[in-house]
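Atoms considered below: every heavy atom in the structure, side chains included; atoms not considered: hydrogens, waters and symmetry mates. Start at 1 and go down the list; that is how both ligands and their atoms are numbered. As the structure is a computational prediction, the values presented were derived from the model and not from experiment.
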Amino acid sequence: MTKLKFAVLPGDYIGPEVMSEALRVLVAATAPAGLELDYEIAPVGGAGIDEQGQALPDSTLQTCRQADAILFGSVGGPKWENLPPQEQPERAALLPLRKAFGLFANIRPGLLYPELTDASPLKSERIPEGIDIVCIRELTGGIYFGQPKRTTQLDNGEYQAIDTMVYQTSEIERIAEVAAITARGRGGRVCSVDKANVLETSVLWRKTVVNYFAEKHPDLELTHMYVDNAAMQLARDPNQFDVLFTENMFGDILSDEMAVICGSLGMMSSASLGVQRNGHGHPFGLFEPAGGTAPDIAGKGVANPCAQILSGAMLLRYSFGQEELAHRIEAAVRATVTKDGLRTGDIAFGREPVGTKAMADAIIARLAR
Ligand code: NAD
């Protein structure tokens with residue numbers, strides 16, 4: 001039996017609730033295919049602070065290092081919000097994990113089923129078929145990390161602050177490759193977003209992307225868009241995109257805009273892929289819901305497990321090369337929500353809501369059909 005070895009970091013508040021349901025679904029999907037899930041659960045975030053005094057305990061990092069991927073819940077919440085900023089669960093757990101595994105590519109599907117368009121702030125007539133796009137953000141370069149980065153006082157007493165946006169061709173090429181691979185599994189269209197009319201880094205970005213696609217992926221459709229226009233086009237007609245990819249800060253903003261347009265956080269998954277290849281020859285990755293720990297509904301058994309389940313499907317796809325199984329899980333979630341009509345409170349829109357476990361049970365039943 002092939003073993004899929006991954007670390008499970010449920011985190012805080014609804015994190016463990018949705019994680020246990022996602023694991024049940026993953027077992028139900030993989031067992032019939034002769035795959036064994038070999039996972040180890042470790043504390044992270046507030047749970048890490050409470051159990052071992054650190055948001056990312058050394059033992060948890062060790063568990064991750066021995067694994068081929070990480071399935072992450074979400075971390076943080078009111079219990080720890082008075083800690084200093086550098087000790088906040090999100091910052092003290094996710095940033096070191098990104099650094100430890102060189103997680104350079106953040107992939108966020110922007111998926112909204114036609115039956116759920118009420119969840120979107122866009123008018124339903126604008127998105128009669130729902131939304132189905134992917135936003136890819138470069139995660140380790142650009143202005144958030146470039147040096148120099150400092151505030152100084154000038155001779156006239158004024159303060160001056162500097163951030164530096166910096167990119168190298170290799171960083172641009174590796175994110176372009178992730179965009180190309182993602183587009184290959186979809187509509188084959190890639191839109192590279194930059195600000196090449198103003199920024200030097202964007203001029204290099206565009207030139208590198210053009211050359212890279214001409215050499216490696218000439219069959220894919222490549223277009224370019226300035227970031228200000230991309231922000232408008234996302235709100236106007238999101239489905240004109242198939243896969244859009246961009247640098248760190250632009251991606252931070254566009255991926256959040258996309259999340260709002262797509263409605264409920266309870267449905268949104270994400271993947272962050274690293275520089276290393278794992279024991280299966282695929283990228284090491286961290287897979288997590290796009291939303292947070294939802295303290296307002298934690299402990300009630302009502303959280304939507306779909307984002308965590310769909311993150312598990314992404315783990316199978318990207319870190320274990322199990323495209324078909326990933327697709328089966330995604331189809332089961334879709335059918336449960338749209339055909340069976342099961343809805344947790346966040347996507348109920350007047351229907352009788354079901355709880356976390358009932359939702360997962362229905363998805364497992366769909367998988368068995
Ligand atoms: P949130 O995403 O936790 O919640 C926002 C709203 O969405 C809430 O009304 C919540 O009930 C709802 N929601 C989110 N996920 C849901 C789900 N699966 N099912 C049903 N409803 C869902 O954002 P917040 O309230 O701003 O943050 C709460 C905590 O989570 C904070 O401590 C924040 O720092 C943390 N956070 C962590 C991550 C992460 O771990 N990556 C990401 C974002 C926020």
Side-chain angles (χ1 to χ4, degrees), residues 7-22 25 42-50 55-56 60 64 70-98 103 106-108 111-112 116 118-121 137 139 252 255-256 258-272 285-312 314 333 336-337 342-349 351 353-360 363:
V8 172
L9 276 44
D12 309 314
Y13 290 96
I14 67 162
E17 298 174 36
V18 291
M19 183 65 84
S20 54
E21 299 310 320
V25 172
V44 73
I49 294 171
D50 288 356
L56 182 63
T60 297
C64 295
I70 304 169
L71 188 59
F72 194 92
S74 34
V75 294
K79 189 172 175 202
W80 306 280
E81 72 192 6
N82 291 327
L83 290 172
Q86 67 278 12
E87 289 174 32
Q88 286 291 321
E90 233 184 303
R91 185 161 161 188
L94 274 169
L95 292 189
L97 277 172
R98 276 186 197 165
L103 303 176
N106 183 247
I107 306 173
R108 267 207 216 179
L111 183 62
L112 176 70
L116 295 185
D118 280 350
S120 173
R137 164 189 172 193
L139 208 54
D252 189 4
S255 61
D256 271 3
M258 186 188 73
V260 169
I261 289 168
C262 288
S264 174
L265 284 172
M267 298 298 298
M268 295 201 62
S269 56
S270 80
S272 297
L286 180 147
F287 303 85
E288 59 172 334
T293 57
D296 52 333
I297 56 166
K300 297 179 181 160
V302 299
N304 187 346
C306 291
Q308 189 74 63
I309 292 167
L310 294 169
S311 301
M314 290 184 91
V333 170
T336 303
V337 172
L342 264 79
R343 305 286 174 82
T344 43
D346 56 319
I347 51 171
F349 309 118
R351 291 185 190 225
V354 301
T356 312
K357 188 171 177 310
M359 192 72 162
I363 293 166

Handout entry: Numbering as shown, the atoms of ligand 1 that approach Pro295 to under 4.0 Å (heavy-atom distance)
Key = 28 (C)

Completion exercise
If we number the atoms of ligand 1 from 1 as shown, the ones under 4.0 Å from a heavy atom of Asp346 are 19 (N), 20 (C), 21 (N)

Exercise for the section: Compare all side-chain heavy atoms of Met267 with those of Leu111 and state whether any distance is below 4.5 angstrom. Expected result: no

Handout entry: Pairwise distance SG(Cys64) to CG(Leu286) - rounded to 0.5 angstrom
Key = 7.5 Å

Exercise for the section: Examine Val75 against ligand 1 and note whether any of their N/O atoms are separated by less than 3.5 Å. Expected result: yes

Handout entry: Heteroatom proximity flag, Gly292 to ligand 1, N/O under 3.5 Å
Key = yes

Exercise for the section: State, with a plain yes or no, whether a side-chain heavy atom of Tyr13 is found less than 4.5 Å away from one of Asp296. Expected result: no

Problem - Atoms of ligand 1, numbered as shown, that sit under 4.0 Å from any heavy atom of Gly77 - result: 32 (O)

Problem - Heavy-atom donor-acceptor pair, Thr356 side chain to Gly301 backbone, under 3.5 Å - result: yes

Problem - Ligand-side contact atoms (ligand 1) for residue partner Glu288, heavy atom cut-off under 4.0 Å - result: 41 (N)

Exercise for the section: Please determine if Leu94 has a nitrogen or oxygen closer than 3.5 Å to a nitrogen or oxygen of ligand 1. Expected result: no

Fill in the blank from the handout: d(Leu94 CG, Leu56 CG) to nearest 0.5 Å is 9.0 Å

Practice task
Determine, using heavy atoms of Ile14 and all atoms of ligand 1, whether some pair is separated by less than 4.0 Å.
Solution key: yes

Exercise for the section: In sequence, state the C-alpha distance, the side-chain angles, and the governing distance for Leu9 and Met19, and then conclude on side-chain contact (heavy atoms from CB on, under 4.5 Å). Expected result: CA-CA 9 Å; Leu9 276 44; Met19 183 65 84; 5.8 Å; no

Practice task
Please indicate, with yes or no, if any protein heavy atom is found under 4.0 Å from atom 27 (O) of ligand 1?
Solution key: no

Fill in the blank from the handout: Quick note on ligand 1: atoms under 4.0 Å from a heavy atom of Gly266 include exactly 17 (C), 18 (N)

Handout entry: Closest to atom 39 (C) of ligand 1 among Ala259, Pro305, Ser74, Gly76 (heavy-atom distance)
Key = Ser74

Problem - Electrostatic pair Lys79:Asp12 at N-O distance under 4.0 angstrom - result: no

Practice task
Answer yes or no: is there a donor N or O on one side and an acceptor on the other, between the side chain of Gln308 and the main chain of Phe72, under 3.5 Å?
Solution key: yes

Problem - atom 32 (O) of ligand 1: any protein heavy atom closer than 4.0 Å - result: yes

Completion exercise
If you scan protein heavy atoms around atom 8 (C) of ligand 1, the nearest is Asp296 OD2, 3.5 Å

Exercise for the section: Please confirm whether the backbone N or O of Leu83 pairs with a side-chain atom of Gln88, one donor and one acceptor, at under 3.5 Å? Expected result: yes

